[in-house]
Amino acid sequence: MSQDAAAPRDFIREMVAADVASGRFGRPVKTRFPPEPNGFPHIGHVKAICVDFGVAKEFGGTCNLRFDDTNPAGEDVKYVEAFRTDIRWLGFEWDAELYASDYFEQFYRYGELLVQRGSAYVDSQTDDEIRKNRGTVTAPGTNSPYRDRPVAENLDLLRRMKAGEFPDGAHVLRGKIDMAHPNMLMRDPILLRIRHAPHYRQGDAWCLYPLYDFAHPLSDAIEGVTHSLCSLEFKDNNDIYRWLVRECGFDRPPEQTEFSRLSLEYTVMSKRKLLRLVNDGVVSGWDDPRMPTISGLRRRGVTPEGLRAFVETAGVSRKPQRTELATLEHAIRNDLNTRVPRVLCVVNPLKVVLTNYPEGEVEWLEAPSYPHDVPLTGSRRVPFSRELYIERDDFMEDPPKKFFRLAPGREVRLRYGYFITCREVVKDSSGRVVELRCTYDPATRGGDAPDGRKVQGTIHWVSAGQALDCEVRLYDRLFTIPNPDEVEDFIAAVNPGSLVVVRGARVEPSVGSDPPGTRYQFERTGYFVSDVVDSRPGALVFNRTVGLRDTWAKVKER
RNA sequence: UGCCCCCUCGUCCAACGGCAGGACAUCGGACUUUGGAUCCGAGAAUGGUGGUUCGAAUCCACCGGGGGCAACCA
């Protein structure tokens, strides 16, 4: 913590460090993560979670998980569960689990307090009139005819509103601020409104529901939050925040500070659009591995550590950002590189027959599970035999200069295996290559030539007889354009190649009994995870988390 | 159009009146039983114009650009 105080990573930590040093709040740092439970947590939330929980942890404080469930429409326990699961999965633990809906009674009493202070009034205009009288950005609003209602009348109305005597929209409680305020949000903001609707937690106990600008500052203040960290779009709400906590008499009230949201290239983040992708069947569900949801990323094979590292890299500032996908992919590869075992999997098999290898023989070769530069140990045995499969892309009949893989007459190394030389190309009637007839050099077992000769390339392979058939799901960016938010119809920008399902891939037998959710690097191909939903012994399914960096692909492009 | 916020390499983040630096990306090279990883190197930025100052990315003014706000959503 002293380290953080010495070198704050961003303007927020800088501010918190200063507040801690000055003893500004006279209490330990307390933050909160306040999601509305009306959608699934996504990678944008990850940033907020890392900031809210991270700041508290770094400064020896606490962070509450508070559900901002003040709007009965759309909120549901299933979203509450999702947030709980995903926050814990990310590696954070909250101090208290709280619900703004538990404060309804308190909110109401603060409403009465404001009325008594002459700082709020019951307005009986229609919603149309309220909107019209708010004015515009250039023209001031006009006072409600009910603005100067006597306190007693306001109180009476407010009590009857709570008692359910009025239909939806008949009256609202408004703060009495300034209908000509340059900040539109300060033009007598609505605080409480009547809504005869069941709440997922409160049932029919309430028909008076607070609005964000009323509930949020009060919730923070009630809980004794010190630093209320939120995203930039709440900047204008900060004026009300300060007004409200002062009017309600809180001593050393929380301070709201805004930072920019995370946005990522080639995806969308709004709940509405995410929901549309699910409802339209563009994706298989909220946890589709192409979704930017935490559950989607998890199913994709991303780890909490990788995600946290990414957020760290993306940084915290007040500048609206759009982070490149490459930054995320790097964080994921960097994390997975040092922790997952390597295995051999041929995605698009091409048969290879070793004409000088004895028929029917199988030998089991020792293969390390980690490369020399990863500080983990372990190995497994992989079968080798006369009939193998190699990657179709690893053979070219007429290769360009820099193609280092297999070609007629050329010798390559089979990873952990032998050197082989391509002697003959077998094609079907349509001219498609269906088999390679090669010879192997028995002296190169394990991949080293005793005579010291070198080969240009090393390719992966599996033994035809023992390899396991599997399905491989190749995921790619969900959209074809970096910013799907700026087009009319974002659905039209969905990448048709965002999922390519490959059946008939072959993986080495060692993975056959691993539990679903096991992560691997398929050597030379990418990082994969066995799918937690669909993968079963005997019917293995692997999701591509992210491909390996591919220098050859770049060379090929030219 | 009124108010508010923002503007530094392609991207993200530093530099808090004193030599514009890092990460990712890009391009070269080394190494390599993954065309992975790693290592080395290169190119690459203060939106513009004035002002204050010995000195400005930093302070001020204006201009330009981007974003937010006119739900009884959050």
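Because the structure is a prediction, the values reported are computed rather than measured. Chain identifiers are assigned alphabetically (A, B, ...) following the order of the sequence lines, protein sequences preceding nucleic acid strands; residue numbering begins at 1 within each chain.
- Here, B:C60 and B:U53 have their C1' atoms 12 Å apart, quoted to the whole Å.
- Proximity of A:K132 to the phosphate of B:A70: no side-chain N or O atom is located under 4.0 Å from OP1 or OP2.
- Each of B:G36, B:C12, B:A74 was ranked by its minimum atom distance to the side chain of A:D373; first place goes to B:G36.
- Base orientation of B:A30: anti (glycosidic angle beyond 90° from 0).
- Scanning atom types as modelled, one donor and one acceptor separated by under 3.5 angstrom connect the side chain of A:D236 and the base of B:G68.
- The listed nucleotides are B:A74, B:G2, B:G35; the one nearest the side chain of A:T138 is B:G2.
- Aromatic rings from A:H199 and A:F104 are positioned such that their centres are separated by under 6.0 Å.
- Here, B:G43 and B:A25 have their C1' atoms 13 Å apart, quoted to the whole Å.
- Taking atom C1' in both B:G64 and B:C72, one finds a spacing of 39 Å when rounded to whole Å.
- Side-chain atoms of A:E265 and base atoms of B:U11 include no donor and acceptor less than 3.5 Å apart.
- For A:R333 and B:A37, the shortest distance from a side-chain N or O to OP1 or OP2 is not below 4.0 Å.
- Each of B:G35, B:A74, B:G36 was ranked by its minimum atom distance to the side chain of A:R549; first place goes to B:G36.
- A:R405 contributes a side-chain N or O that forms a donor-acceptor pair with the base of B:G35 under 3.5 Å.
- A:E258 comes within contact range of no nucleotide atom at all, as no heavy-atom separation falls under 4.0 Å.
- Between A:F542 and the options A:V511, A:L474, A:V347, a side chain to side chain contact (heavy atoms under 4.5 Å, CB included) holds for only A:V511.
- Closest contact between the side chain of A:R342 and the listed nucleotides B:C12, B:G36, B:C24 involves B:G36.
- Taking side-chain N and O atoms only, A:R524 has a distance below 4.0 Å to OP1 or OP2 of B:G35.
- Residue A:T70 is in sugar-phosphate contact alone, with no base atom involved, counting any heavy-atom pair closer than 4.0 Å across all strands shown.
- Checked against a 6.0 Å centroid threshold, the rings of A:F40 and A:Y79 count as neighbours.
- A close approach under 4.0 Å does occur between a side-chain nitrogen or oxygen of A:K554 and OP1 or OP2 of B:U26.
- A:P189 comes within 4.0 angstrom of no nucleic acid atom, judged by non-hydrogen atoms across all strands.
- The same atom, C1', is picked in B:G55 and in B:C19; the two are 12 Å apart, to the nearest Å.
- Rounded to the nearest Å, the gap between the C1' atom of B:G21 and that of B:A44 is 13 Å.
- For A:H45 and A:F83, the ring centers are positioned less than 6.0 Å apart.
- Residue A:T313 places no side-chain N or O under 4.0 Å from the OP1 or OP2 atom of B:A23.
- Taking atom P in both B:C6 and B:C62, the straight-line distance is 16 Å, to the nearest Å.
- Comparing B:G67 with B:G50, their P atoms are spaced 28 Å from each other, to the whole Å.
- Taking atom P on both nucleotides, B:C31 is separated from B:G17 by 48 Å, rounded to a whole Å.
- Regarding contacts with the backbone of B:A23, every side-chain N or O of A:T327 stays at 4.0 angstrom or more from both OP1 and OP2.
- At a cut-off of 3.5 angstrom, the base of B:C13 holds no donor-acceptor pair with the side chain of A:Q321.
- Distances shorter than 4.0 Å separate none of the side-chain N or O atoms of A:H460 from OP1 or OP2 on B:U34.
- Donor-acceptor pairing under 3.5 Å, judged by distance alone, is absent between the side chain of A:E233 and the base of B:G67.
- Distance CG (A:L336) to C1' (B:U34): 15 Å, rounded to an integer number of Å.
- Residue contacts shown for A:Y370 are absent, as no nucleic acid heavy atom lies under 4.0 Å away.
- With the 3.5 Å cutoff on both pairing distances, Watson-Crick and G-U pairs in RNA chain B assemble into runs of at least 3 at B:2-7 with B:64-69, B:10-13 with B:21-24, B:26-30 with B:38-42, B:47-51 with B:59-63.
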